[in-house]
Amino acid sequence: EVTYSAVLDVYAKVGKVGEVMSLYERGRASGWTPDPIAFSVLCKVFGEAGDYDGIRFVLQEMRSLGVQPNLVVYNTLLEAMGKAGKPGLARSLFEEMIEAGVTPNEKTLTALVKVYGKARWSRDALELWERMRSSGWPMDFILYNTLLSMCADLGLEEEAEMLFEDMKQSEYCRPDSFSYTAMLNIYGSGGKVDRAMELVEEMSEVGVELNVMGCTCLIQCLGRSKRLDELARVFEASIERGIRPD
RNA sequence: CGACGUAGAGAGAA
C-alpha cells in the first residue's frame, strides 16, 4: 500500500506518465485501495501533462472508491486545474473543500489565485483575498507574490499597491525580490518611471537586491519613456553590482 | 516509509 504510492511518485518524478497509469491499474487489479497520497501523485502527473481527462479520471476514482480528498490532494487538484485552464471547476472544487471542513493553507490559496490569474479572473482573485483576511486563512509571501504578479499581468496598479502595502504591514512576511519585480513590472508597463525609480531606492534601503528580472523591467520602463541617459546609468550600475545581462 | 505552491524580457513564424 505504502509501496505503491511511493513507487508511483518515483515514476512521477521521472515524468513517466504511462508507467504511472499502468502501475496504478495493476495495483487496482490486485485489490489495492489507493490512499490520498496515490491520488495526489496522479494529480501531479496529469497536472504537469495538462491532461484534463486524467484529472477527471482521478476525481471519478476517488468518488467511486469513497476516498475523501485531504488537503494535499485538493492542492494538487487545484494546481492541475490551473494548468488545464479550468477556473470555474477550480472554484467549485474549492467551495466543496470548504464545505467538507478542510481548511485551506497557503499552497491551496496560491494555487487558486494562480488559476484565476491565468484566466484573467481578477475579480475572483481579489475577492478571495478579502475572504482570506476575514477567515483568518494563512497567508505568506508566496501567496502575496502570486497576487502581485497577477496584478502585474493585468495592469491592476491600485490593487497591487494595496497588496504591497498590506504585505509590508503583515507580521508574517516582507516583500522580497519577487514582490519588487512585480511592482517594477507594473510601473514599467504603466509608464510610471518615477515610482519605479523610487522603488529601486527603497530596495537598497531595505536591503532587497535588484536582480536581472527587476533590472529588465526598469530598463524597459526607462526605454519606453525615452530616458536613455538614466537607462544607461542603471545598466552600468547593475553590471557593477554583479548582474549578468541575459 | 511516500505526495503539493510564486516573478521579468524575447528576433522570425503562427
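Every value quoted in this text rests on a predicted model; they were computed, and no experiment measured them. Note on naming: letters A, B, ... go to the chains in the order of the sequence lines (proteins, then strands), and numbering restarts at 1 for each one.
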### Task
Give a yes or no on whether the ring-centroid distance for A/Phe141 and A/Tyr172 is below 6.0 angstrom.
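No - the distance between ring centres of A/Phe141 and A/Tyr172 does not fall below the 6.0 Å cut-off.
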### Side-chain touch A/Asp124/A/Pro87, heavy atoms, less than 4.5 angstrom
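Heavy-atom side-chain distance check fails, nothing below 4.5 Å.
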### Task
Spell out, yes or no, whether A/Leu126 and A/Ile186 are grouped together once hydrophobic residues are joined by side-chain heavy atoms under 4.5 Å, including indirect joins.
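Looking at the clustering, A/Ile186 is in the same group as A/Leu126.
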### Query
What nucleic acid atoms does A/Thr181 come within less than 4.0 Å of, heavy atoms only: base, sugar-phosphate, or nothing?
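Base, at least one base atom sits under 4.0 Å.
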### Message
Over all strands shown, is A/Gln220 touching base, sugar-phosphate only, or nothing at heavy-atom distances under 4.0 angstrom?
### Response
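Since only primed, P, OP1 and OP2 atoms lie under 4.0 Å of A/Gln220, the category is sugar-phosphate.
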### B/rG5 OP1/OP2 closer than 4.0 Å to side-chain N/O of A/Lys114
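So the side-chain polar atoms of A/Lys114 never come under 4.0 Å of the phosphate oxygens OP1 or OP2 of B/rG5.
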From [atom1] of [X] over to [atom2] of [N], roughly how many Å is that when rounded to an integer?
X	N	atom1	atom2	answer
A/Phe178	B/rG5	CZ	C1'	12 Å
A/Ile37	B/rC1	CD1	C1'	9 Å
A/Asp246	B/rA7	CG	P	16 Å
A/Leu8	B/rA3	CG	C1'	10 Å
A/Leu184	B/rA9	CG	C1'	13 Å
A/Leu42	B/rC4	CG	P	13 Å

### Task
Output every pair passing side-chain hydrogen bond (donor to acceptor under 3.5 Å, both in side chains) with a member in residues 14-29 of chain A, not counting sequence neighbours, ordered by first then second residue.
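Only A/Tyr24-A/Glu61, A/Arg28-A/Glu61 qualify under side-chain hydrogen bond (donor to acceptor under 3.5 Å, both in side chains).
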### Message
Using a 4.0 Å cut-off on heavy atoms, which residues in residues 121-147 of chain A reach RNA chain B? List them by number, or say none.
### Response
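Close to the strand are A/Asp140, A/Ile142, A/Leu143, A/Asn145, A/Thr146.
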What about [X]: does its side chain form a donor-acceptor pair under 3.5 Å with the base of [N]?
X	N	result
A/Asp35	B/rG2	yes
A/Asn70	B/rA3	yes
A/Asn211	B/rA7	yes

### Query
Take atom CZ in A/Arg120; do more than 12 heavy atoms of anything else shown fall under 6.0 Å from it?
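Counting neighbours around CZ of A/Arg120, 12 or fewer heavy atoms of other residues, nucleotides or ligands fall under 6.0 Å, so no.
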### Query
Listed by chain and number, what are the side chain to side chain contact (heavy atoms under 4.5 Å, CB included) partners of A/Val17, not counting sequence neighbours?
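Partners of A/Val17 under the side chain to side chain contact (heavy atoms under 4.5 Å, CB included) test: A/Val45, A/Phe46.
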### Query
Is a salt bridge present between A/Lys44 and A/Glu48, judged by a nitrogen-to-oxygen distance below 4.0 Å?
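No, no charged N to carboxylate O under 4.0 Å.
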### Query
Of the nucleotides B/rU6, B/rA3, B/rA9, which one has an atom closest to the side chain of A/Thr216?
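That would be B/rA9.
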### Task
Select one nucleotide: of B/rG2, B/rC4, B/rG8, the one nearest the side-chain heavy atoms of A/Cys217.
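Output: B/rG8.
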